[in-house]
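Report on the structure given below.
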There are 2 protein chains.
Amino acid sequence: MNNLVTFIKNRRKILGLTQQDLADKAGVGLRFVRELEQGKETLRMDKVNQVLALFGHELTPVDSKQIHVSDE
Amino acid sequence: MNNLVTFIKNRRKILGLTQQDLADKAGVGLRFVRELEQGKETLRMDKVNQVLALFGHELTPVDSKQIHVSDE
DNA sequence: CATATTTATACCTTATCGGGTATAAAGATA
DNA sequence: TATCTTTATACCCGATAAGGTATAAATATG
């Protein structure tokens with residue numbers, strides 16, 4: 001499970017949100033949240049950022065070697 | 001100009017590649033590279049990662065407050 | 001166990017991304 | 001200046017992402 005998936009799932013759980021809650025708050029469809037949490041890689045960048053924004057985060061280029069299995 | 005745009009442009013210049021070169025090496029279309037460098041935010045995540053992979057990088061969720069205007 | 005909630009899978013439709021191509025504009029070089 | 005290279009803009013078309021909905025499976029709760 002990649003970093004993005006792990007990050008989203010953990011954050012959502014921490015806030016006690018359902019996928020539907022997250023979708024509503026982010027302004028994306030429920031299906032999108034599901035595909036996001038299932039690791040679909042062909043998602044649109046802006047939609048992913050829309051969700052990440054809820055957690056004060058955004059997609060950024062990071063050195064592949066420096067990616068620690070973040071669970072926070 | 002956002003981080004992604006800055007990153008891509010700088011790296012490409014450092015390696016002395018044209019947009020066409022980068023497109024070819026990454027296996028994406030020339031138009032995609034252009035839209036990427038022009039800050040289009042609706043691009044597909046996998047395609048962006050395809051380009052970033054050439055530089056050993058990948059999209060990762062990062063705290064928005066911790067994003068320094070990276071030019072490397 | 002039964003029931004309720006949450007998550008996963010499948011189908012259909014619309015919107016648009018991505019590629020290709022052509023043309024124009026901008027930059028560099030002589 | 002003229003010429004060459006690189007980058008930007010505009011158009012068409014096929015493929016598919018995203019949303020909605022419905023159903024099924026999984027997980028919790030009693």
Side-chain angles (χ1 to χ4, degrees), chain A residues 1-64 67-72, chain B residues 1-64 67-72:
Chain A
M1 190 158 50
N2 67 46
N3 277 268
L4 181 55
V5 169
T6 307
F7 179 84
I8 296 287
K9 283 190 171 181
N10 287 340
R11 288 294 176 122
R12 180 169 68 79
K13 292 292 174 60
I14 289 175
L15 299 184
L17 301 174
T18 64
Q19 292 177 335
Q20 181 72 67
D21 293 334
L22 185 59
D24 292 341
K25 283 179 179 289
V28 300
L30 173 57
R31 246 198 42 192
F32 180 86
V33 171
R34 285 175 180 160
E35 293 177 332
L36 174 57
E37 293 200 353
Q38 283 165 30
K40 186 172 180 180
E41 299 186 345
T42 58
L43 301 173
R44 268 172 48 178
M45 212 173 42
D46 63 324
K47 296 284 177 183
V48 175
N49 277 324
Q50 240 173 284
V51 176
L52 288 177
L54 292 180
F55 308 125
H57 282 59
E58 61 190 278
L59 290 177
T60 302
V62 174
D63 190 322
S64 299
I67 298 182
H68 35 313
V69 187
S70 74
D71 50 0
E72 72 88 34
Chain B
M1 192 161 48
N2 68 48
N3 277 269
L4 180 56
V5 170
T6 306
F7 180 85
I8 297 286
K9 284 189 170 179
N10 287 340
R11 289 294 176 123
R12 181 168 67 79
K13 292 292 174 57
I14 290 175
L15 299 185
L17 301 175
T18 65
Q19 292 177 336
Q20 182 71 67
D21 293 334
L22 184 58
D24 291 342
K25 283 179 178 287
V28 300
L30 173 57
R31 243 199 44 192
F32 180 85
V33 170
R34 288 178 177 159
E35 293 177 330
L36 173 58
E37 293 200 355
Q38 283 166 30
K40 186 172 180 181
E41 300 186 345
T42 58
L43 301 173
R44 266 173 50 180
M45 212 173 41
D46 63 324
K47 296 283 179 183
V48 175
N49 277 323
Q50 237 174 288
V51 176
L52 288 177
L54 290 181
F55 308 124
H57 282 59
E58 61 189 277
L59 290 177
T60 302
V62 173
D63 189 321
S64 299
I67 298 182
H68 37 313
V69 186
S70 74
D71 49 359
E72 75 85 36

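Chain letters run A, B, ... following the sequence lines, proteins first and then strands; every chain starts at 1.
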[X] [atom1] - [N] [atom2] separation (whole Å):
X     : N      : atom1 : atom2 : result
B:Q20 : C:dA22 : CD    : C1'   : 14 Å
A:E41 : D:dA18 : CD    : P     : 13 Å
B:D46 : D:dT16 : CG    : P     : 11 Å
B:R12 : D:dT5  : CZ    : C1'   : 13 Å
B:M45 : C:dC17 : CE    : P     : 15 Å
B:L17 : D:dT5  : CG    : P     : 17 Å
B:K40 : D:dA10 : NZ    : C1'   : 13 Å
A:K9  : D:dT27 : NZ    : P     : 11 Å

Inset, instruction - Return yes if some donor-acceptor pair links the side-chain N/O of A:Q50 with the main-chain N/O of A:A26 below 3.5 Å, else return no. - result: yes

Inset, instruction - Using modelled atom types only, decide if a donor and an acceptor are shared between the side chain of B:N49 and the backbone of B:D46 within a distance under 3.5 Å. - result: no

Just N and O in the side chain of [X]: are any of them under 4.0 Å from OP1 or OP2 of [N]?
X     : N      : result
B:Q19 : D:dT5  : no
B:K47 : C:dG18 : no
A:T42 : D:dA17 : yes

Legend entry - Whichever of A:K13 and B:G27 has its nearest DNA chain C nucleotide further upstream toward 5': A:K13

Inset, instruction - May I ask you to decide if the ring planes of A:H57 and A:F7 are parallel, tilted or perpendicular, using 30° and 60° as cut-offs? - result: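 A:H57 vs A:F7 ring planes: tilted.
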
Legend entry - 5' priority, DNA chain D, between B:T18 and B:R44 [closest heavy atom]: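 Its nearest nucleotide lies further toward 5', so the answer is B:T18.
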
Inset, instruction - Answer with yes or no whether the side chains of B:T6 and B:N3 bring together a donor and an acceptor at under 3.5 Å. - result: no

Inset, instruction - Give a yes-or-no answer on whether the side chains of A:Q20 and A:D24 include a donor-acceptor pair shorter than 3.5 Å. - result: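 Yes, because at least one side-chain N or O of A:Q20 sits under 3.5 Å from a partner of the opposite role on A:D24.
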
Inset, instruction - Take A:I8 and A:L22 through the test side-chain contact (heavy atoms from CB on, under 4.5 Å) and record every step on the way to the result. - result: CA-CA 10 Å; A:I8 296 287; A:L22 185 59; 4.1 Å; yes

Inset, instruction - Mind listing the residues from residues 30-38 of chain B sitting with a heavy atom below 4.0 Å of DNA chain C? Number order is fine. - result: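 Contacting residues: B:R31, B:F32.
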
Inset, instruction - Starting at CE of B:M45, measure out to OG1 of A:T42 and round the result to the nearest 0.5 Å. - result: 7.5 Å

